[in-house]
Amino acid sequence: MTNPMKDIEENSNAIFIIGSNTSEQHPVFGYKIRRAVMQRGVKLIVADPRRISITDFATLHLQHKPGTDIALVNGIAHIILENNWEDEQFIAERCEEFEDYAESLNKYTPEFVSKITEVSITDLKEAAEILAKNSPMAVLWAMGITQHTTGVMNVFSLANLQMLLGNMGKPGGGCNPLRGQNNVQGACDMGALVNVFPGYQKVVDEKVREKFNSAWKLGNSNGKNGDSLFGELPGKTVTEMTSGALSGDVRGLYIIGENPVMSDPDSNHVRKAFTECEFMVLQEIFPSETSKFADVLLPSVTFAEKTGSFTNTERRIQPISPAIKGKGNALPDWKITSMLANKIIDIEGKNISGLHSGWNYESPNEIMEEISSLAPIYGGVNYSRIRSDEELHWPILSEEHPGTPILHVGEFSRGKGKFHLCEQIDAEEMPTEDYPLILTTGRVLYHWHGAEMTRRVQGLVDIYPESLVEINPADAEKLGILENDKIKVTSRRGEMIAKAFVTDRVSAGVIFGNFHYPGEQNVNNLTIAALDPTAKIPEFKVCAIKVEKISLD
Ligand SMILES: Nc1nc2c(c(=O)[nH]1)N[C@H]1C(S)=C(S)[C@@H](COP(=O)(O)OP(=O)(O)OC[C@H]3O[C@@H](n4cnc5c(=O)[nH]c(N)nc54)[C@H](O)[C@@H]3O)O[C@H]1N2
Ligand SMILES: Nc1nc2c(c(=O)[nH]1)N[C@H]1C(S)=C(S)[C@@H](COP(=O)(O)OP(=O)(O)OC[C@H]3O[C@@H](n4cnc5c(=O)[nH]c(N)nc54)[C@H](O)[C@@H]3O)O[C@H]1N2
Ligand SMILES: [Mo]
């Protein structure tokens, strides 16, 4: 997020939520937003193909078709320009390539956009007026925007909108992707991505590699001659590794805290790939669905049993301390990984990795010292600051630097803010006669992804004991389906059998399923492993399916 949650709660005059089920998936922030609406009269617009609970607090709900976000956002921008509601001064002083962008919007007339999105022209006009006239306006999004083959372009279209309205680098504005897990932001910051080292320093940059080579005592491994310890740069993303295991490009997998048999798209393909894979090590807190494919299981302690820090969605670094003691042989993840690395360095006395020294960290404190010495955005971070009352949002450049709650103040990180041209294109798989409905997928409040944790909590299982598939009453009637009937949902890749939840939360033609229950109840039997070309995120939010009632006789 460019802006902290508290800032948005206190300073925004309008909030645009697009593709985020905020009150179920980010309940704390969802609560802050509801409070801003109720107490300060903030105007809320929600764009979501489903009537989710936060829409009850919205001035306007735009219920567009899944996969039509670029058309929707461009259409709103078109109306803003037509009425001269744009922030001319901001565009002139801080942005570039505006003219091409403005021209690219010509065709996104309300009529054209209404046809693609199924949102009425009146609603489009009202949305544009509310977003433009209630400045500062904050945009919030989550997986409804990113999990598409056009995920990156979807995000660019929203960045364009915020530059058009001059909402960047100021309180109450910004582009605010709500990160999913407690520490997914921290994991990215630490370089758990293919293309960057800690602090987003690019792996293809030779100077950066030299810096890490020397800090990690890797010797001469500049990555050019095929003999690099870093291997081919950049490496494979998570989503490419699964296909790699099937094709033989990837022979071994070391999986830490992921359950891809439940959470990757196209489960049949995943299971096949993992059966083919020669060797798999899984580091987990529970024997998960994926553990059935693992050769070795390494037991980790849970969040409640460890010391360290999490960096949350607003780039804020916060400490964690053990509340309870770990059981049995389980160890913190960093310790297991260090021990494994040391074993690799010293297999039968032979240093097969070429590393010069072992991974001999004593504590998370010592690891943070290394991070702050190598990653400038964490330059001023240390445990005494993390444990103090300071609110630490990175970049924190030195021990004297107070941190950066709001990004891009005065100037963008790249200098001028660049308008990108974004065109509406179809999802990889669109409905056909054989597969006439659109499937979109996600989560419910009561479970967490593959639900290895939440399915072990009796109270949650009592409330949400099995997978439910949302289907609109009109579709249900056509197919002779009643509430709680067992239905079979089929895509070109597999099938799912679960109970029907007949509801106008989804519009006609759209089905919503989740991936919280294993086997035949998992929606990932159906999803498509088509990826965004840049981010390599799968298109979890659109594929084509058919639905049948399962007869009892
Ligand atoms: N209880 C609970 N909370 C969680 C999680 C959990 O599993 N359980 N997971 C965490 C994680 S890692 C993440 S990433 C977040 C995810 O948080 P969210 O992204 O908010 O959750 P999702 O259910 O994936 O989908 C978000 C919304 O996108 C909408 N949507 C579907 N298709 C489209 C589309 O084409 N366009 C638009 N604009 N919207 C669309 C859906 O209707 C849904 O309301 O939640 C986090 N919080
Ligand atoms: N159809 C569909 N599929 C999706 C999505 C969607 O919207 N639709 N969303 C995608 C998204 S955004 C995400 S983030 C992924 C999530 O996918 P996963 O990351 O695979 O899901 P989790 O269930 O969170 O799996 C984490 C595993 O880590 C274990 N674990 C928990 N704490 C620890 C720990 O401290 N150490 C270790 N070693 N293990 C631990 C848990 O037991 C669990 O089995 O799912 C993706 N899959
Ligand atoms: Mo996520």
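Values reported hereafter were calculated over all heavy atoms of this structure, with side chains retained and with hydrogens, waters and symmetry mates removed. Position 1 is the first residue of the sequence, and the numbers go up from there. Both counts, for ligands and for their atoms, begin at 1 and track the order of listing.
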K.L.:
Taking Glu24 first and then Arg443, would you say they form a salt bridge - that is, a charged N and a carboxylate O separated by under 4.0 Å?
P.N.:
no
K.L.:
Compute the shortest N/O to N/O distance between Gly67 and ligand 1 and return yes if it is under 3.5 Å, no if not.
P.N.:
yes
K.L.:
Under 3.5 Å between some N or O of ligand 2 and some N or O of Glu452?
P.N.:
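Glu452 vs ligand 2: no N/O contact under 3.5 Å.
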K.L.:
Of all the atoms in ligand 2, which lie at a distance below 4.0 Å from a heavy atom belonging to Met453?
P.N.:
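Result: 31 (C).
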K.L.:
Tell me whether ligand 1 is touched by Val444 - counting only heavy atoms on the residue side and a distance under 4.0 Å.
P.N.:
yes
K.L.:
Distance under 4.0 Å to a non-hydrogen atom of Pro66: what atoms of ligand 1 satisfy this?
P.N.:
34 (C), 35 (O)
K.L.:
Considering only heavy atoms, does Asp69 approach ligand 1 within less than 4.0 Å through its side chain, its backbone, both, or neither?
P.N.:
side chain
K.L.:
Test your reading of the structure: does Gln181 have an N or O sitting under 3.5 Å from an N or O of ligand 1?
P.N.:
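By distance alone, the answer is no.
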K.L.:
Going by distance only, is there an N or O of Phe512 that falls short of 3.5 Å from an N or O of ligand 1?
P.N.:
no
K.L.:
Cationic tip of Arg50 within the cone over Phe512's six-membered ring, i.e. under 6.0 Å and within 45° of the normal?
P.N.:
yes
K.L.:
Report the relative orientation of the aromatic rings in Phe515 and His449; use parallel for angles under 30°, tilted for 30 to 60°, perpendicular for over 60°.
P.N.:
parallel
K.L.:
Would you call Arg179 a ligand 1 contact, heavy-atom distance under 4.0 Å?
P.N.:
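Contact absent.
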K.L.:
Using a 4.0 Å cut-off to any heavy atom of Lys541, which atoms of ligand 1 qualify?
P.N.:
22 (P), 24 (O), 25 (O), 31 (C), 32 (N)
K.L.:
Among Val444, Leu445, Thr454, find the residue that satisfies the side chain to side chain contact (heavy atoms under 4.5 Å, CB included) test when tested with Tyr464.
P.N.:
Val444
K.L.:
Can you say whether the rings of Phe293 and Phe274 are parallel (under 30°), tilted (30 to 60°) or perpendicular (over 60°)?
P.N.:
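It falls in the perpendicular class, over 60°.
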K.L.:
Does Val184 have a heavy atom less than 4.0 Å from any atom of ligand 2?
P.N.:
no
K.L.:
Polar-atom distance check: Asp333 versus ligand 2, any N or O pair below 3.5 Å?
P.N.:
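Among all N and O atoms of Asp333, at least one is under 3.5 Å from an N or O of ligand 2.
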K.L.:
Give the residue, atom name and distance (to 0.1 Å) of the protein heavy atom nearest atom 13 (C) of ligand 1.
P.N.:
Gly180 CA, 3.2 Å
K.L.:
Is His64 near ligand 1, meaning one of its heavy atoms is under 4.0 Å from it?
P.N.:
yes
K.L.:
Has Arg455 got a side-chain atom pairing as donor or acceptor with Tyr517's backbone, closer than 3.5 angstrom?
P.N.:
no
K.L.:
Can you find an N/O atom of Asp264 closer than 3.5 Å to an N/O atom of ligand 2?
P.N.:
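In this structure, Asp264 places no N or O atom under 3.5 Å from an N or O of ligand 2.
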K.L.:
Decide, yes or no, whether a salt bridge links Lys306 with Asp333 under the criterion of side-chain N to carboxylate O below 4.0 Å.
P.N.:
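The answer is yes: the pair qualifies as a salt bridge.
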K.L.:
At less than 4.0 angstrom from any non-hydrogen atom of His447, what atoms of ligand 1 do you find?
P.N.:
1 (N), 2 (C), 6 (C), 7 (O), 8 (N)
K.L.:
Ile18 heavy atoms, cut-off 4.0 Å: which ligand 1 atoms fall inside?
P.N.:
38 (N)
K.L.:
Are the side chain of Asp532 and the backbone of Val152 linked by a donor-acceptor contact shorter than 3.5 Å?
P.N.:
yes
K.L.:
Any atoms of ligand 1 less than 4.0 Å from a non-hydrogen atom of Ala47? List them with their elements.
P.N.:
38 (N)
K.L.:
Compute the shortest N/O to N/O distance between Arg443 and ligand 1 and return yes if it is under 3.5 Å, no if not.
P.N.:
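Min N/O separation from ligand 1 is below 3.5 Å for Arg443.
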K.L.:
Output the list of atoms in ligand 2 that are nearer than 4.0 Å to some heavy atom of Lys306, sorted by atom number.
P.N.:
34 (C), 35 (O)
K.L.:
Within a distance under 4.0 Å of any heavy atom of Val523, pick out the atoms of ligand 2 and give their elements.
P.N.:
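Checking each atom against Val523, I get 1 (N).
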K.L.:
Give the atoms of ligand 2, by number and element, whose distance to some non-hydrogen atom of Gly450 is under 4.0 Å.
P.N.:
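What qualifies from ligand 2 is 23 (O).
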